[in-house]
Engineer: 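One structure, as structure tokens, below. Some questions next.
Each chain gets a letter, A, B and so on, in the order the sequences are listed, and its residues count up from 1.
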Protein chains: 2
Amino acid sequence: MVNVKIQHDCKDELNGVELRATPARIALMHLLETTDRPVDVQTMISFLEKKGIQADPATVFRIVNMFTEKGLTKQIQLQEGKSRYELAAQNDHHHLVCTKCGDIQDISDCNIEVLEKEISLKKKFRVTSHSLEFFGICNDCQKKTS
Amino acid sequence: MVNVKIQHDCKDELNGVELRATPARIALMHLLETTDRPVDVQTMISFLEKKGIQADPATVFRIVNMFTEKGLTKQIQLQEGKSRYELAAQNDHHHLVCTKCGDIQDISDCNIEVLEKEISLKKKFRVTSHSLEFFGICNDCQKKTS
DNA sequence: GTTTTACTTGCGAGTTTATTGCACTTATGG
DNA sequence: CCATAAGTGCAATAAACTCGCAAGTAAAAC
């Protein structure tokens, strides 16, 4: 009797883009699917370790590059000097970055699209993507020192 | 007879923030004042070299950090994995980054402020700054392969 | 103008993020 | 179960950036 899958193993997503379902990839896909904020490579490595999968940084970098190349993830940089990754499937959204505690929240439904159209016309610049981050102090940090 | 200054030497700006007016700093201030796009450290080093000032990268990094700390410049990152610097005095504006040729244009008069206010209220997040970049293909690059 | 002093810089070593080549291992299809 | 193409570990390398310390220099004091 085969074990009943308590949660899907991401094999379909991976095979769907011609990537083999290795333990590290499956675990990372799962991490990305269950985390509500973009994840950096060091966090991924720690996560894998906790799961008993020890992975070389080079491998994790290669994995996230593959994921991004195949369109599974998006690579973003929040002015930290390193990259973070989030599922590409998530709808258009932006980030609130707390400059004190590093907390990252998502925000959605902004209408940057209006601006994009204006730019396309006025500047003759074909916008393919945009990046919008707000920096400041999150609710919790405001409470701490006020 | 003292030489008539053909252009101001930035000493006032530097002394005004308690920074000594060294050749490298003067030259870099001048570069930032005459360039219409954010400058990275390598470009600064090349620029200094052309001016006959050879400066160690560590020194340039220290200079731009000081400039930013003193409020002369702003540090920005355009998803390139490195920092760029521009005068802080420039009014609020954003960037169009061509993903093909790397060209960077400024755009101003967007009304992100409206969004900022909404976020402050809805998310109880005190926004202190924001970063907005549009990526795409600039006018020149569109012509080249069309 | 010279001295003094504190600020600056160069140099070397080190850190972090990220990439690459190569040999070894493994997931997948037959 | 086997073959093989894909994936991984390891080591070397690269680029961006930082730090400590000794030597140099701008600015102020004399």
Engineer: Scan A:Gln77 against the nucleic acid and name what it touches under 4.0 Å (heavy atoms): base, sugar-phosphate only, or nothing.
Structural biologist: nothing

Engineer: Less than 4.0 Å between a side-chain N and a carboxylate O, is that true for A:Lys100 and A:Asp140?
Structural biologist: no

Engineer: Check whether any side-chain nitrogen or oxygen of B:Ser83 sits under 4.0 Å from OP1 or OP2 of D:dA16, and answer yes or no.
Structural biologist: no

Engineer: Check A:Asn15 against A:Ala21 and note the closest heavy-atom contact, atom names and distance.
Structural biologist: OD1-N, 4.3 Å

Engineer: Both A:Val60 and B:Val41 contact DNA chain D. Taking the nearest nucleotide for each, which residue is further toward the 5' end?
Structural biologist: A:Val60

Engineer: Under 4.0 Å between any heavy atoms, over every strand shown, what does B:Ala58 touch: base, sugar-phosphate, or nothing? Just pick one.
Structural biologist: base

Engineer: Should B:Asn65 be listed as having a side-chain N or O under 4.0 Å from OP1 or OP2 of D:dC17?
Structural biologist: no

Engineer: Report which part of the nucleic acid A:Glu80 touches: base, sugar-phosphate, or nothing (heavy-atom distance under 4.0 Å, all strands).
Structural biologist: nothing

Engineer: Whether B:Arg25 contacts D:dA26 is assessed here as follows: a side-chain N or O lying under 4.0 Å from the phosphate OP1 or OP2. Is that the case?
Structural biologist: no

Engineer: Could you tell me whether the phosphate oxygens of C:dT8, OP1 or OP2, come under 4.0 Å of any side-chain nitrogen or oxygen in B:Thr22?
Structural biologist: no

Engineer: Which sits closer to the 5' end of DNA chain D, B:Asp40 or A:Ala24, going by the nucleotide each is nearest to?
Structural biologist: A:Ala24

Engineer: Give a yes or no on whether a donor-acceptor pair under 3.5 Å exists between the nucleobase atoms of D:dG9, that is its base, and the side chain of A:Arg62.
Structural biologist: yes

